Amino acid sequence: MMAEGDEKTEEGPLIAESFSFKLGYEVKVGCVTIGNLNGTHPHLACAIPGGRVVVHNPFHARTEERMDANLLHFNEEITALSCGNLEPTSSPSAVDLIFVGSAHHLVAYNIVDNKNHFSTELSDGCSCLSTGTLSDSNKPLIYIGGTCSIYGYDAQGTDEFWTVTGDDVISMVVSEFKDSSKTELVVGSNNCEVHAFNSEGESTDEMALSAVVSRMKRIGSATIAFGLSTGVVGVLKEGKQIWESKTKHQVTSLEKFEVNGRVAVVVGWSNGLLEFRNVDDGTIIFSESLKTQIAGLAVSDYRKEGKDHLLVVLTSGRVVAFSSGTSAKHSLGAAPVVKENYGAKIRLLQQKRKDLLYRLGNLKKLQKKKSKASSDFDTFVHTKTNSRLEIIDGKLHLLVDTTSGIKIQSVTLLNDGLYEEDAHTEFFVVPVRVAKILLPTPKLAEFHLTIRSLIGDGLSSKFLVTQGKIVVKKYSCFSREDVSEPSLLNAYAANPSIEEKILHWIKSSFSGCEEIASLSPPVGLVSSSFGSIFFAVHGETLVIGSDIGHTLNSIVNDLRDRVVLNPITLQKTVTVFKHVSGKDDEVTSSESTLLPSIKGETIQNPNLNHARIEVNEKDKGIDDGMSVGNIVGDDVDGGVVLVLQSVQDLHSVRQKLVAEIAENSTLAKSLLLRAEDHRIMGNFVAMQQAYGDVMDVNKDILRAHAFRYSNQEKLMSQVRILNKIIHERAERNGGGAFIDSCRQAIKENDYGTLLDLLQN
């Protein structure tokens, strides 16, 4: 395929295929080079899979279709390939070296001597190679770009140059950058930047591009052609971008080639398209589709015909050579004859039309993308967060989401006193649309939370911090649930007005109670930390109950601030069980009624009339002064017996819990010391196991503490009841002296004496 230039010129550009041959091996992209390897003829060198290099000499031909090729074997997969001469002064017959870069080594190979000229180990790998002489330097070097560093070696393999870059090096070229009088090392790195380094390794200039610079080629003085990873090809002149063209394919190789006395930029694409472009504006001079991905380009007088050929190496191993010439030959004295090639012009115009349409489509997409990005940015900036409380699996959680559906990276909660450091941050490894944070409920109290949310998708470069507040009400940790009648009950006089006020207070203080219209049937509420709450109205009686005394007292105190509560006597039939001595598992029952509540306070174990408790033979070993169960009498007040028995049992459980917590604390300290010993010795598996044991023991301590807290609450409730009973009996039995005797009996755990005092 060929194309002509202006109709007024007598001779137009003629680019045609000169010859082709096959290497017989698949070629790696970007690993193609050409050099005078024997001092006489140019040689084409290409890297092929398996750590091998195929070297082709056009003057050692077997057939026209398949040329002679030599194979060089290396021990590692090849990542970069180049040819060059590192001698300070070289003649046209000087021998070039093949430079082979891999992940761990650089090898300079002399094909004439058939040996390594030098070899060096690379700590940062090799992604690209370039040879040349920088200004203020007296000898050429081979430059190796790797992981955030660049090395330069001379002909003896001595490290003469070293510098660091901001990211991995992707492409390099020795060329002028902004100053045409200074030759520098121009480097494209993975952070989408281009840097120029002098011979001392100092960065003299830099510029940022829209994507990673994957290919670079010096075209002329301070003129560099570049290809980006996004399919963009362009030219930099004196450090400024003069044009660019974008396609949907990748640039695999760049080269310069002279067409009719003018240098053109030759671009090889991943789809097999070969383009010749004008250096000044990027217009296409000539294009040819080779239908196979182009691995690399090279320019040389390959057949010694007196003119350069452009060698196009395809990944399939086929090599196609193109050359340029004149479109017409004129005899002496004859008038020039101008021949018009309209077919070539039409094809060229069609190619230009296709290129312009593609550019137009890219501009429309870019405009649409910018418009969408602007709209998305406005939505992002005006995003707000919503927060609410919800009971999940019996525990209070804070739920946070955004108005625009953007995901949440982290949530920070601020509150004085709720957390040890007055703040708690919840990070999400995978951003979520709805953030769920478990809220601690150390006590029944209202507190205010300040919520700071970091929003933005995981791959986004923009993030937004929003702030909001939420009030966590005193009873937010309770959820609506049917509960049985608890052990602690208070009774008060009720009427429709009182019931209405209590209903209004319940709806404003508890979640999920908005639809309650009456306290009959009873209303139940449950919390994993503060037990259950019970509200009921039976006729003209209001019953408030809970299985934890602290919770019940808190509710009663809050209600008394809003409603006048008048305590009344609560009558209720209960069943009392009596074990008969000598008869295993035989149980009889009798019925009794509750006595009036004392000033509206909590009564857990009501007084029972004429209860008789006898002990099995197996319980006789218990000390008489310590066990209420050993006391037998027909005139004992059943309620007092049950209160004393409960106090004794709770006190005994408390002592056992104290001992258990102390034992677990000692065990935790021992495990921590053991884990630290493993860390010092470097036995991290044993250290991890020890810390896992510490976590298990810590959970046991926390559970024991929660149980001890509940036990203490019940014990204090029973002690308060016992205290009220003692004060009641003191009014009839001598006042202060009676109280002192009861206190002394309690202090000595002499429940038998205490029971005698209360009976009399």
Side-chain angles (χ1 to χ4, degrees), residues 2 11 13-25 27 31-48 53-72 81-87 89-99 109-114 117 131-132 140 217-220 253-266 268 274 276 286 288 290 294-314 317-329:
M2 56 186 177
E11 296 182 353
L14 176 62
I15 301 174
E17 180 180 333
S18 299
F19 58 88
S20 66
F21 58 90
K22 294 181 180 179
L23 296 174
Y25 303 95
V27 180
C31 294
V32 175
T33 185
I34 197 166
N36 192 359
L37 301 183
N38 63 357
T40 305
H41 306 297
H43 290 67
L44 178 66
C46 306
I48 62 177
V53 175
V54 57
V55 180
H56 176 260
N57 184 350
F59 296 95
H60 292 167
R62 293 178 183 173
T63 64
E64 293 184 358
E65 188 67 21
R66 167 73 187 273
M67 297 294 182
D68 187 25
N70 297 323
L71 286 181
L72 303 178
L81 191 68
S82 180
C83 286
N85 191 299
L86 299 183
E87 297 299 332
T89 57
S90 59
S91 63
S93 61
V95 176
D96 290 341
L97 301 176
I98 300 180
F99 299 102
Y109 186 79
N110 189 321
I111 195 172
V112 175
D113 298 335
N114 194 23
H117 189 73
T131 58
K217 178 67 180 179
R218 182 183 183 275
I219 302 301
S253 184
L254 293 170
E255 192 54 81
K256 65 176 181 178
F257 191 70
E258 188 174 309
V259 179
N260 279 2
R262 300 185 63 182
V263 176
V265 179
V266 186
L274 180 69
F276 291 74
F286 173 82
E288 178 79 16
L290 301 176
I294 296 174
L297 303 173
V299 175
S300 174
D301 184 4
Y302 201 58
R303 288 185 168 182
K304 294 293 185 177
E305 297 175 348
K307 63 177 181 179
D308 286 340
H309 293 88
L310 174 69
L311 301 182
V312 183
V313 182
L314 307 180
R318 181 169 174 255
V319 180
V320 182
F322 290 86
S323 63
S324 64
T326 57
S327 61
K329 300 293 182 181

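Since the model is a prediction, treat every value here as computed from it, not as a measurement.
Here CG of L71 is found 5.0 Å from CD1 of I48. Values are rounded to the nearest 0.5 Å. Taken to the nearest 0.5 Å, the CG atom of L254 stands 9.0 Å off from the NZ atom of K217. The distance from atom CG of L274 to atom CG of L310, rounded to the nearest 0.5 Å, is 6.0 Å. For the atom pair CD1 (I15) and CZ (F322), the distance works out to 9.0 Å, reported to the nearest 0.5 Å. Within the model, atoms SG of C46 and OH of Y25 stand 12.0 Å from one another, a figure rounded to the nearest 0.5 Å. Note that the CG atom of L44 and the CG atom of L23 stand 6.0 Å from one another [nearest 0.5 Å].
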query = Could you go step by step and tell me if I219 and V263 meet the side chain to side chain contact (heavy atoms under 4.5 Å, CB included) rule?
reply = CA-CA 8 Å; I219 302 301; V263 176; 3.8 Å; yes
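Considering only heavy atoms from C-beta on, F276 stays 4.5 Å or farther from V265 through its side chain. With a 4.5 Å cut-off on side-chain heavy atoms, L311 and I34 count as touching.
The nearest pair of heavy atoms linking V27 to A295 is CG1-CB, 3.9 Å. The two atoms that bring C83 and L37 nearest to each other are SG-CD2, 3.9 Å, heavy atoms only. Across all non-hydrogen atoms, the minimal contact from A298 to E255 is CA-OE1, 4.0 Å. A pairwise comparison of heavy atoms in A94 and N85 identifies CB-ND2, 3.3 Å as the closest pair. Taking each heavy atom of A264 and V259 in turn, the nearest pair found is CB-CG2, 4.4 Å.
Remark: N110 engages V95, L97, V112, D113 in a side chain to side chain contact (heavy atoms under 4.5 Å, CB included) (not counting sequence neighbours). With sequence neighbours excluded, the residues satisfying ring pair (Phe, Tyr, Trp, His ring centres under 6.0 Å) with H309 are F19. For the ring pair (Phe, Tyr, Trp, His ring centres under 6.0 Å) test, no residue two or more places apart in sequence or in another chain qualifies with F99. Looking at residues two or more places apart in sequence or on another chain, you find no salt bridge (Lys or Arg N to Asp or Glu O under 4.0 Å) involving K256. For S18, the side chain to side chain donor-acceptor pair (under 3.5 Å) partners two or more places apart in sequence, or in a different chain, are S323. Applying the side chain to side chain contact (heavy atoms under 4.5 Å, CB included) criterion to L314, with sequence neighbours excluded, gives L290, T292, I294, V312, S316, R318.
Listed for the D96 side chain is no donor-acceptor partner under 3.5 Å among the backbone atoms of G35. No donor-acceptor pair closer than 3.5 Å links the side chain of T33 to the backbone N or O of A45. Side-chain atoms of S82 do not come within 3.5 Å of backbone N or O of T131 as any donor-acceptor pair.
Side-chain contact check for H43 and Y302: no donor-acceptor pair (N or O, by modelled atom type) lies under 3.5 Å.
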